[in-house]
Amino acid sequence: FPTCLLVSALLGAGIGLCFPTAHVAIEPAQVLAGLVEYPPDNPFGLYERRVWTLWHQLLAAPLAAGVEERTLSLVMSGAVGALGFSAIAAFAWACGAPLLLAIAAPLSLWLLAPLRWGFNYPILLLGSVHTYGMAGLAFVLLAVSVLGAGRTRSGAFLLGMAPAIHPALG
């Protein structure tokens with residue numbers, strides 16, 4: 001199981017880096033880092049300051065240290081790719097797929113382009129600015145898949161972390 005997660009995460013990170021995009025999670029991190037200010041009563045500013053996710057906290061520190069937004073977007077593209085691919089591979093593994101098929105499952109799904117399938121809440125794997133939608137859906141799938149693979153302690157930890165990744169989906 002760890003090999004499945006590691007290989008699929010590396011594959012997802014590599015593809016994510018090949019299709020980088022800006023990430024909306026960087027905007028609130030800029031506010032936390034003190035790089036962007038909003039008037040106190042601005043609704044968007046209130047949202048940026050008050051909605052807490054782990055993404056904002058993790059991204060604010062490098063921004064405050066001088067790391068460029070472009071660099072963080074590239075890192076996030078790789079990280080979200082790794083998360084999404086490992087979640088799909090874990091799901092395939094938990095459903096009984098052998099190692100190679102589980103590793104191939106996220107690549108196959110990505111090549112099938114589920115964004116074009118017409119769902120109201122799209123299945124976003126890579127290349128979208130919607131950090132929260134991509135990461136939240138993948139993280140919840142990963143948590144449930146880890147539980148399904150019989151790793152109850154790890155799965156319970158991931159479920160406990162889910163609200164920090166996506167407040168609504170978590």
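What you are looking at is a predicted structure, and each value in this text was computed from that prediction instead of being measured.
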Considering all heavy atoms, the nearest A138-G84 contact: CB-CA, 3.6 Å
I103 side, atom CD1; I88 side, atom CD1 - distance, nearest 0.5 Å: 13.5 Å
Atom pair CZ/CG of R49 and N42 - distance to nearest 0.5 Å: 7.5 Å
Rounded distance [0.5 Å steps], CG in L54 versus CD1 in I165: 5.0 Å
Non-hydrogen atoms of A64 and A33 that approach each other most closely: N-CB, 3.8 Å
Residues forming a side-chain contact (heavy atoms from CB on, under 4.5 Å) with A79, sequence neighbours excluded: none
Side-chain heavy-atom pair L63, E68 within 4.5 angstrom cut-off: no
Any donor-acceptor N/O pair, S77 side chain to L17 backbone, under 3.5 Å: no
Side chain to side chain donor-acceptor pair (under 3.5 Å) pairs, two or more places apart, involving residues 24-38: Q30-E69
S145 side chain vs L141 backbone, donor-acceptor pair below 3.5 Å: yes
side-chain contact (heavy atoms from CB on, under 4.5 Å) assessment of M76 paired with T21: CA-CA 9 Å; M76 285 298 295; T21 186; over 6 Å; no
Heavy-atom closest pair, residues L159 and A143: CD2-CB, 3.7 Å
Results of side-chain contact (heavy atoms from CB on, under 4.5 Å) for L11 - residues two or more places apart only: I15, F85, L107
Cluster link L74 to I26, ILVMFWY, side chain under 4.5 Å: no
side-chain contact (heavy atoms from CB on, under 4.5 Å) involving A92 - partner list, sequence neighbours excluded: A97, A102, A105
Residue pair T3, V7: steps toward the side-chain contact (heavy atoms from CB on, under 4.5 Å) verdict: CA-CA 6 Å; T3 302; V7 172; 4.1 Å; yes
Interatomic distance, M161 atom CE to L142 atom CG [nearest 0.5 angstrom]: 12.0 Å
Transitive ILVMFWY side-chain link L35 to F44, under 4.5 Å: yes
ring-ring contact (aromatic ring centres under 6.0 Å, His included) pairs, two or more places apart, involving residues 52-80: H56-Y132
Minimum heavy-atom distance between D41 and L46, given as atom pair plus value: O-CD1, 4.3 Å
Residues H166 and T53: side-chain donor-acceptor under 3.5 angstrom: no
Results of side-chain contact (heavy atoms from CB on, under 4.5 Å) for A89 - residues two or more places apart only: C4, S8, P106
F1 side, atom CZ; L99 side, atom CG - distance, nearest 0.5 Å: 11.0 Å
Nearest atoms (heavy-atom pairs only) where S154 meets V146: CB-CG1, 3.8 Å
Cluster check F139, V24: I/L/V/M/F/W/Y, side chain < 4.5 angstrom: yes
ILVMFWY cluster, V36 and V67 together (side-chain gap under 4.5 Å): yes
Same cluster (ILVMFWY, side-chain, under 4.5 Å), L101 and L111: no
Any P62 side-chain heavy atom under 4.5 Å of L72 side chain: yes
From CG (L158) to CZ (R151), nearest 0.5 Å: 12.0 Å
